[in-house]
Amino acid sequence: MQRVLITGAGGGIGSSLRETLRGVYPILRLSDRIPLAPARGGEEIDQTEISDMAAVERMVDSVDGIVHLGGNSGEAPWPVILQSNIVGLYNVFEAARRAGVKRIVMATSNHAVGFYPRGETIDHRVVPRPDSRYGVSKAFSESLASLYADKHGIGFLCVRIGNFGTRPIDKRRLSIWISPRDLTQLVRIGLEHPEIRYEIVYGVSNNRRSWYDNSNADRLGYRPQDDSEPYAEAVLAAEPPGADPIAEHYQGGTFCVAEYTAKTRRD
Ligand code: 15L
């Protein structure tokens with residue numbers, strides 16, 4: 001990998017990867033729709049709105065691998081999801097194909113499977129159960145990645161990211177937290193592992209309270225260093241009482257509750 005592109009480089013994960021991947025590859029091309037801090041050595045800065053195909057083609061030019069974090073990172077009205085996470089996503093994959101890009105690490109989400117109950121341990125083989133329009137767009141990204149892997153031979157690591165941060169922020173996040181160094185490790189596996197064709201893994205640390213069987217990530221050599229457990233006592237003590245029963249039941253939490261109108265739970 002000579003030149004690696006990070007889309008959504010101005011977001012929380014993107015700005016962290018900008019630091020942790022600095023010097024790992026000869027050139028990091030950092031792109032976002034918003035202006036980014038000026039390039040340092042080994043960096044290129046780009047400003048692209050991914051719903052604009054011509055701009056996306058320029059963004060991916062001469063790139064060997066992509067970490068696609070761009071798009072909308074939470075629930076939003078359909079027109080927003082459509083432009084950012086469906087049209088924009090398609091543009092990135094299609095422009096990457098035309099440009100001969102070999103690898104893409106796709107930031108999908110726990111919300112692609114958020115309607116699985118917390119009592120169930122799920123692996124990379126389960127069918128999607130999105131908890132939001134956002135979750136549907138992430139399930140779509142996994143499908144589109146599968147198509148571009150099978151039909152065009154691009155290698156994809158689809159990382160269903162839990163919650164990224166320096167520490168877990170609430171009870172639900174104790175089960176899905178991922179630390180910066182663990183996510184960096186997974187991204188590097190996605191870009192560098194010689195065998196990747198199409199894989200789904202969970203982007204979580206080695207959390208004792210995990211809801212995931214992440215054996216597919218283990219198989220690819222992922223050895224997470226962090227666990228949310230040392231934070232658990234403080235996190236649980238700070239948790240406000242009276243959580244919504246739907247949020248508590250499902251892995252996606254409040255994403256499941258928003259706009260929820262079902263009379264009975266499907267489980
Ligand atoms: C996500 O997919 C979002 O991008 C992030 O902002 C958080 O909401 C996270 O999931 C989560 O579930 O905590």
Side-chain angles (χ1 to χ4, degrees), residues 6-17 32-34 50 67-77 80-81 83-86 88-89 92 105-118 120 122 124 126 128-143 145 157-180 182-183 186-187 190 200-205 207 209-212 214 217 224 226 228 231-232 235-236 238-240 243-244 246-260:
I6 303 178
T7 69
I13 298 180
S15 34
S16 173
L17 287 176
D32 207 299
R33 64 196 296 194
I34 56 164
I50 59 172
V67 182
H68 183 49
L69 307 170
N72 205 70
S73 65
E75 183 60 315
V80 175
I81 296 290
Q83 281 311 305
S84 306
N85 293 14
I86 306 289
L89 176 89
V92 172
V105 177
M106 175 64 213
T108 169
S109 168
N110 71 91
H111 296 292
V113 288
F115 261 121
Y116 280 95
R118 296 187 183 190
E120 195 171 330
I122 59 172
H124 58 288
V126 296
R129 284 184 72 178
D131 59 21
S132 47
R133 291 174 290 275
Y134 167 68
V136 169
S137 76
K138 292 301 178 181
F140 173 77
S141 77
E142 296 172 6
S143 265
L157 183 70
C158 296
V159 184
R160 285 181 180 157
I161 300 175
N163 188 257
F164 174 86
T166 51
R167 50 177 53 222
I169 53 174
D170 60 19
K171 181 175 156 215
R172 188 176 79 88
R173 272 57 171 252
L174 290 172
S175 299
I176 65 168
W177 175 60
I178 185 161
S179 67
D182 286 343
L183 186 64
L186 261 184
V187 166
I200 291 177
V201 296
Y202 290 92
V204 290
S205 285
N207 304 319
R209 296 170 190 245
S210 180
W211 298 317
Y212 308 121
N214 211 9
D226 293 303
S228 62
Y231 302 97
V235 164
L236 294 173
E239 189 84 357
D244 183 289
I246 295 296
E248 274 294 292
H249 183 69
Y250 291 115
Q251 296 182 1
T254 54
F255 280 66
C256 299
V257 181
E259 304 169 41
Y260 187 90

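Both ligands and their constituent atoms are indexed starting at 1 by order of listing. These figures come from a predicted structure and were not determined experimentally.
The nearest heavy-atom contact from the protein to atom 6 (O) of ligand 1 is Ser73 O, 3.6 Å.
Residue contact annotation: Gly162 has a non-hydrogen atom under 4.0 Å from ligand 1. Arg172 counts as a contact of ligand 1, since one of its heavy atoms falls under 4.0 Å from the ligand. Within the 4.0 Å heavy-atom shell around ligand 1 one does not find Ile161. In this structure, Tyr134 is part of the shell of residues with a heavy atom less than 4.0 angstrom from ligand 1.
A parallel orientation is assigned to the rings of Tyr202 and Tyr212, their planes being inclined by less than 30° (bins at 30° and 60°). The aromatic rings of Phe255 and Tyr134 are tilted relative to each other, their planes meeting at an angle between 30° and 60°.
Using a 4.5 Å cut-off on side-chain heavy atoms (C-beta onward), Ile161 and Ile176 make no contact.
Nearest approach of Arg172 to Arg118, heavy atoms of both residues: CD-NH2, 3.3 Å. Nearest heavy-atom pair, Asp226 versus Ser179, reported as atom, atom and distance to 0.1 Å: OD2-OG, 2.6 Å.
Those atoms of ligand 1 with a heavy atom of Phe255 less than 4.0 angstrom away are 8 (O). Under a 4.0 Å criterion applied to the non-hydrogen atoms of Asn163, ligand 1 contributes the atoms 7 (C), 9 (C), 11 (C), 13 (O). Interface of His111 with ligand 1, defined as ligand atoms under 4.0 Å from a residue heavy atom, comprises 1 (C), 2 (O), 9 (C), 10 (O), 11 (C), 12 (O). Of all atoms in ligand 1, listed by their number and element, those nearer than 4.0 Å to a heavy atom of Ser109 are 1 (C), 2 (O).
Partner of Ile178 under the side chain to side chain contact (heavy atoms under 4.5 Å, CB included) criterion, out of Ser205, Pro224, Pro168: Ser205 alone.
By the side-chain contact (heavy atoms from CB on, under 4.5 Å) test, Val257 is found to be paired with Asp244, Ile246, Ala247, residues two or more places apart in sequence or in another chain being considered.
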